[in-house]
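These notes concern the structure reproduced below.
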2 protein chains.
Amino acid sequence: MAKSSANIRLVHVKRACEECAVRRLCLPTSLAESDLESLSSLVQRRGPFQKGDLIYRAGEDFNSLFALQSGSVKTYGLTHDGEEQITGFHLVGELLGMDAIGNEVHPCNAIALETTWVCEMPYAKLSELAELVPGLQREMFRVLGKEIRQDEHALMLVRRLRAEQRVMRFLNSLYQRMRERYGLIEEIPLPMSREDIANYLGLAPETLSRALTKLRNDGVIDVTTRSVRFLDMVAVCRLAC
Amino acid sequence: MAKSSANIRLVHVKRACEECAVRRLCLPTSLAESDLESLSSLVQRRGPFQKGDLIYRAGEDFNSLFALQSGSVKTYGLTHDGEEQITGFHLVGELLGMDAIGNEVHPCNAIALETTWVCEMPYAKLSELAELVPGLQREMFRVLGKEIRQDEHALMLVRRLRAEQRVMRFLNSLYQRMRERYGLIEEIPLPMSREDIANYLGLAPETLSRALTKLRNDGVIDVTTRSVRFLDMVAVCRLAC
DNA sequence: CGCTTGCTTGACTGCGTTCAATCATTGTGG
DNA sequence: CCACAATGATTGAACGCAGTCAAGCAAGCG
């Protein structure tokens, strides 16, 4: 499953955060320039991870958080009977590994969905720094709180919804997150497979496929293998909100 | 729904944390005695909340986290069409309100399931204190990480599982949490209604009822209105793990 | 004691799963 | 560059689990 990671390099970038194109989406959001420097100094950029490469593995010692600098990632756990269970898809600027904080090991696997670079931040150093830099502590609490909110929200959604609604909520949440990153966009890219989406939504791939086809026939969306476009925003809102 | 809260008192308890029976389950777990004192000083004990009383309301300004000192609580949000969606049941020692960190307002309601006391901890003071007391910061990160892990775990469970399995996982997770608190117990109390459990598991109340009946007929559990007892631990394990 | 509320049981319907076949895409070796 | 294999996505048909509606039962409370 995981391809060779022989070509993954560790790149030391001076002013990694200061000059990062996605810093406003990441931990540095509300840090003072002076504090940014100390954060930058403990960041190690790693990549390129190719599609299918593991960024970290469930059961592996937890040492670092990873900020997604480019690309996209899925995280998943394994059920007792060996089934993959996807816990989330992650976009540029998002933090990976938070579910391991306070744990010895990572509870999930993280795997690249496309060519991906991450910024590794050793957790021990990060929390040390957070003691010295109140802004960083606040930011970390904020990010953790947001993660909890999102997970709870996902829990609320996935349970009682019809297949079509689950799909539209998923697409809409992707759309919103893409908008934060790239502004108004026409096409929402889908770096993950249908199987992954279905798994994430708790549906059979066939059911997902049928739902997408129906939504296209109803003129709500236009969908290709690796992208979606919203056509009827009223219907999108009705189904996703 | 919410009863009068006229009788809810604010009690200032000196050495609130030092002398708390459930401190080992709460934030103070790994704090030094000296640090405990400062934490204690910002705790305000509130109660008694009676069954049905709101502890905080969705949309209310977020100011404080609440540690559950006695009793039990459910948290829930409202969907766009006004449906209650339960996000969690909370036992003694657990922290409420973490999903509001980094937000202006509480995203969920918290309501007492039985007579309940909480320890209110103003978030601003708590995070200030966490800057001074590294142990507290570490502990808070730990608790937040654990919450994320639990939510992700819940997400993994609820999606693809059959009704019977969902029920057993739920009962088992309650059992594990009760064991942490009260050691080996025979009876698992169920302070919440069937409707609440069904809602939490994404099932119709009728389906939950049928599942419980089947599990009883199969000799796996013994169940009364407000409690469950595990009879066949092998079957419990098979269904819940 | 009767009322109310919550829980359980029954019958039926329908959505999503499963199994199977076809179609589309991607990548590979000749 | 094309043929072909392999993988992923879609479509079809039948089944089964859980939802819905409705009625009966138990428990709690005035």
Side-chain angles (χ1 to χ4, degrees), chain A residues 1 3 50-52 74 79 81 83-86 111 113-115 157-171 189-218 221-228 239, chain B residues 1 3 50-52 74 79 81 83-86 111 113-115 157-171 189-218 221-228 239:
Chain A
M1 179 187 284
K3 295 176 188 171
Q50 300 302 331
K51 180 178 175 171
K74 72 171 176 181
T79 59
D81 49 342
E83 295 267 2
E84 223 175 81
Q85 276 288 350
I86 291 174
I111 216 172
L113 292 167
E114 58 190 316
T115 305
L157 297 190
V158 156
R159 279 183 285 205
R160 219 183 281 281
L161 262 49
R162 302 241 168 292
E164 233 177 288
Q165 293 175 301
R166 291 193 204 183
V167 173
M168 280 314 301
R169 298 236 178 168
F170 170 71
L171 294 178
L190 299 174
M192 66 296 281
S193 69
R194 295 288 193 270
E195 194 182 357
D196 283 347
I197 300 175
N199 180 312
Y200 178 66
L201 294 175
L203 298 170
E206 294 93 331
T207 307
L208 169 65
S209 184
R210 279 184 247 274
L212 287 173
T213 304
K214 179 163 190 307
L215 288 163
R216 190 182 39 201
N217 290 342
D218 293 353
I221 58 174
D222 188 17
V223 54
T224 69
T225 307
R226 291 293 166 203
S227 73
V228 186
L239 289 163
Chain B
M1 176 186 283
K3 295 177 186 170
Q50 299 303 331
K51 181 177 174 172
K74 72 170 175 182
T79 59
D81 51 341
E83 294 266 2
E84 221 174 85
Q85 276 289 351
I86 292 175
I111 215 170
L113 291 168
E114 59 190 314
T115 304
L157 298 190
V158 157
R159 279 184 284 205
R160 219 183 280 281
L161 261 50
R162 301 242 168 287
E164 233 177 290
Q165 293 173 302
R166 292 194 204 183
V167 173
M168 280 314 301
R169 298 237 179 168
F170 170 71
L171 294 178
L190 299 174
M192 65 296 280
S193 69
R194 295 288 194 271
E195 194 181 357
D196 283 346
I197 299 174
N199 181 310
Y200 178 66
L201 294 174
L203 297 171
E206 295 93 330
T207 307
L208 169 64
S209 185
R210 277 184 249 274
L212 287 174
T213 304
K214 179 163 190 308
L215 287 163
R216 191 182 38 199
N217 290 342
D218 292 353
I221 59 174
D222 188 19
V223 53
T224 70
T225 307
R226 292 291 167 204
S227 74
V228 187
L239 288 164

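Reminder, nothing fancy here: chain letters follow the sequence lines and each chain counts from 1.
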To the nearest 0.5 Å, what is the distance between CD on B/E164 and CG on B/L212? 10.0 Å
Would you please confirm or rule out a distance under 4.0 Å between OP1 or OP2 of D/dT11 and any side-chain N or O of A/R210? no
Name the residue closer to the 5' end of DNA chain C, choosing between A/L208 and B/S193 according to the nucleotide with the nearest heavy atom. B/S193
Taking only N and O in the side chain of B/S209, is any of them less than 4.0 Å away from OP1 or OP2 of C/dT8? yes
Taking the side chain from B/S209 and the backbone from B/P205, do they hold a donor-acceptor pair closer than 3.5 Å? no
Rounded to the nearest angstrom, tell me the gap between atom CZ in B/R162 and atom C1' in C/dT17. 8 Å
Using whole Å, what does the distance between atom P of nucleotide D/dA9 and atom CZ of A/R216 come to? 14 Å
Return the value, rounded to whole Å, for the distance between atom CG of A/L201 and atom C1' of C/dT17. 15 Å
Quick check on A/E195: does its CD atom have over 12 non-hydrogen neighbours (other residues, nucleotides or ligands) under 6.0 Å away? no
Would you say A/T225 reaches C/dT25's phosphate, i.e. side-chain N/O to OP1/OP2 under 4.0 Å? no
Of A/R226 and A/E164, whose closest DNA chain C nucleotide lies nearer the 5' terminus? A/E164
Check the distance between C/dT8's P and B/L190's CG and give it to me in whole angstrom. 11 Å
Out of curiosity, A/Q85 CD to B/L161 CG, how far, rounded to the nearest 0.5 Å? 8.0 Å
Please classify the nucleic acid contact of B/L203 as base, sugar-phosphate, or nothing, using heavy-atom distances under 4.0 Å. sugar-phosphate
Nearest whole angstrom, please: distance from the C1' of C/dG16 to the CZ of A/R160. 17 Å
Under-3.5 Å donor-acceptor pair between A/E206 side chain and C/dC19 base: yes
Nearest whole angstrom, please: distance from the C1' of C/dT9 to the CG of B/L212. 13 Å
From CE of B/M192 over to C1' of C/dC7, roughly how many Å is that when rounded to an integer? 16 Å
When the distance from CG of A/N199 to C1' of D/dG8 is rounded to whole Å, what number comes out? 15 Å
